[in-house]
Amino acid sequence: MTLELLLLILVIGTAIAFDFTNGFHDTGNAMATSIATGALKPKTAVALSAVLNLIGAFLSVEVALTVTNAVIRIQDSTGAPKAEFLANHGHGLLMIVFCGLIGGVLWNLLTWLLGLPSSSSHALFGGLVGSALVALGIGGVNWMGDGSKLDGVVGKVILPAFASPVVAALVATIGTWLIYRITAGVATRYAESGFRWGQIGTASLVSLAHGTNDAQKTMGVITLALIAYGTWTDTTNVPTWVKIACAVAIAAGTFTGGWRIIRTLGKGLVEISSPQGMAAEASSAAVILTSSHLGFALSTTHVATGSILGSGLGRRGAEVRWGVALRMVLAWFVTLPAAGLVGAACYLIGNGIGGYAGVLIVFGVLVGLTAWMIRHSRKTAVHAGNVNEDWDPNATPGSSVSSSAPATVDAKA
């Protein structure tokens with residue numbers, strides 16, 4: 001086996017692993033409020049979300065192979081790797097992408113361990129930016145685009161990160177206020193029952209939109225790697241097996257639950273009711289679908305979090321836990337540089353040592369840290385059985401479940 005073939009295999013495997021973490025990391029974006037209000041049982045909710053993510057991944061398979069061009073300059077306008085990255089079966093490009101993916105995977109796992117909703121897209125982009133900076137220098141990063149539109153790291157990542165949660169919070173605040181005004185004369189039990197059905201519909205729409213959007217990035221990365229290595233030449237299509245692998249990976253990740261983040265979104269930010277939950281999910285769906293139609297890139301995590309906060313602000317007397325919200329915002333700020341540092345460090349180690357040893361050592365770091373975080377998570381397990389327990393602000397970050405609660409396994413994720 002040549003070094004480049006080994007790199008290609010590791011890139012594909014790591015990309016699918018990233019897709020899996022993306023699935024369980026973002027389940028809460030769609031289903032946290034439905035679980036928190038009892039509209040859906042926890043396992044039913046994640047199963048429904050998994051199916052819709054799987055379907056969504058196949059609904060829009062016109063993948064722009066320039067997905068990485070949003071942040072790094074390794075492709076031409078057709079999506080094909082630039083000529084200088086095709087030497088030695090694309091060794092240089094494969095190394096950049098491999099290390100960038102590791103940065104994304106490890107950041108997703110760390111924020112999951114801490115129960116912090118953060119953007120998987122930003123983690124991936126951050127890892128790629130870090131490895132590209134070390135490999136190519138400052139000029140290898142697409143900071144601003146060509147100036148004709150919002151593009152690059154600033155236009156595609158940073159600005160949407162600030163704008164999307166604010167817009168979503170504003171929409172959800174107004175929506176929640178209107179809902180409570182309109183239903184002021186309706187008995188609480190009837191309002192709760194009706195809005196729970198509405199929650200199921202809006203949460204399903206968010207899951208479908210998430211699958212349509214997020215699986216595409218990984219499809220594009222794998223296809224780019226195949227083109228660089230020389231086993232695929234079509235820059236307008238994605239191999240069928242890549243579509244299937246990525247769709248199944250994100251759906252499987254979603255099905256495992258990611259209960260730590262579901263708990264933070266559903267119980268940690270706001271004590272949420274069914275009308276609030278429907279307003280939050282409807283706001284998330286509206287913002288995500290509108291931005292997709294207009295061609296704006298944003299994080300579904302930021303949108304969902306902003307919507308849930310807005311649902312608390314729009315209901316008189318609702319408790320909003322600003323300390324939890326602040327932790328989330330801090331995680332958003334450090335996602336790009338933190339994932340970038342991991343990507344850069346991996347590239348320095350792998351390229352510095354060189355050869356098979358360098359690649360395998362970097363992969364060993366990924367496996368070792370992943371195993372440690374999964375093992376550590378079992379000490380403060382969150383699962384379908386305790387995800388809706390009362391929030392304990394004094395508990396370990398990432399669980400916020402009282403130490404007296406049963407410490408069973410975290411449902412695989």
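Along the sequence shown, residues are numbered consecutively beginning with 1.
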Rounded to the nearest 0.5 Å, what separation is found between the [atom1] atom of [X] and the [atom2] atom of [Y]?
| X | Y | atom1 | atom2 | result |
| --- | --- | --- | --- | --- |
| Ser121 | Lys217 | OG | NZ | 3.0 Å |
| Leu54 | Ser207 | CG | OG | 12.0 Å |
| His383 | Arg378 | NE2 | CZ | 12.0 Å |
| Leu94 | Tyr229 | CG | OH | 9.0 Å |
| Cys246 | Trp241 | SG | CH2 | 8.0 Å |
| Leu136 | Ile74 | CG | CD1 | 8.0 Å |

Q. His302 and Ser119: which non-hydrogen atoms are nearest, and at how many Å?
A.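 Shortest heavy-atom contact: NE2-CB, 4.0 Å.
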Identify, with sequence neighbours excluded, every residue that meets side chain to side chain contact (heavy atoms under 4.5 Å, CB included) alongside [X].
| X | value |
| --- | --- |
| Ile138 | Leu133, Trp143 |
| Ser283 | Val171, Ala172, Ser307 |
| Arg327 | Leu114, Leu116, Pro397 |
| Leu348 | Val134 |

Q) Could you give all pairs that pass the salt bridge (Lys or Arg N to Asp or Glu O under 4.0 Å) test and reach residues 266-278, with sequence neighbours left out? A)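 Pairs touching residues 266-278 that pass the test: Lys267-Glu271, Glu271-Arg321.
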Q: Sort and list the pairs that fulfil salt bridge (Lys or Arg N to Asp or Glu O under 4.0 Å) and have at least one residue in residues 43-53, not counting sequence neighbours.
A: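 Those involving residues 43-53 do not exist here.
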For the residue pair [X] and [Y], establish whether any side-chain heavy-atom pair is separated by less than 4.5 Å.
| X | Y | result |
| --- | --- | --- |
| Pro239 | Thr223 | yes |
| Leu269 | Thr305 | yes |
| Ile72 | Phe125 | no |
| Ser284 | Asn29 | no |
| Phe24 | Thr254 | no |
| Val387 | Ile35 | yes |

Q | Distance-only side-chain donor-acceptor flag, Gln276 / Thr33, under 3.5 Å | A |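 Not at all, the side chains of Gln276 and Thr33 share no donor-acceptor pair under 3.5 Å.
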**Q.** Over 12 non-hydrogen atoms of neighbours within 6.0 angstrom of NZ in Lys82
**A.**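 More than 12 within 6.0 Å, yes.
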Q: Decide if the gap between the ring center of Phe255 and the ring center of Phe20 is smaller than 6.0 angstrom.
A: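 Distance test on ring centres: not under 6.0 Å, no.
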Q. Looking at Ile9, Thr14, Ile16, which one forms a side-chain contact (heavy atoms from CB on, under 4.5 Å) with Ile12?
A.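 Exactly one candidate clears the test, Ile16.
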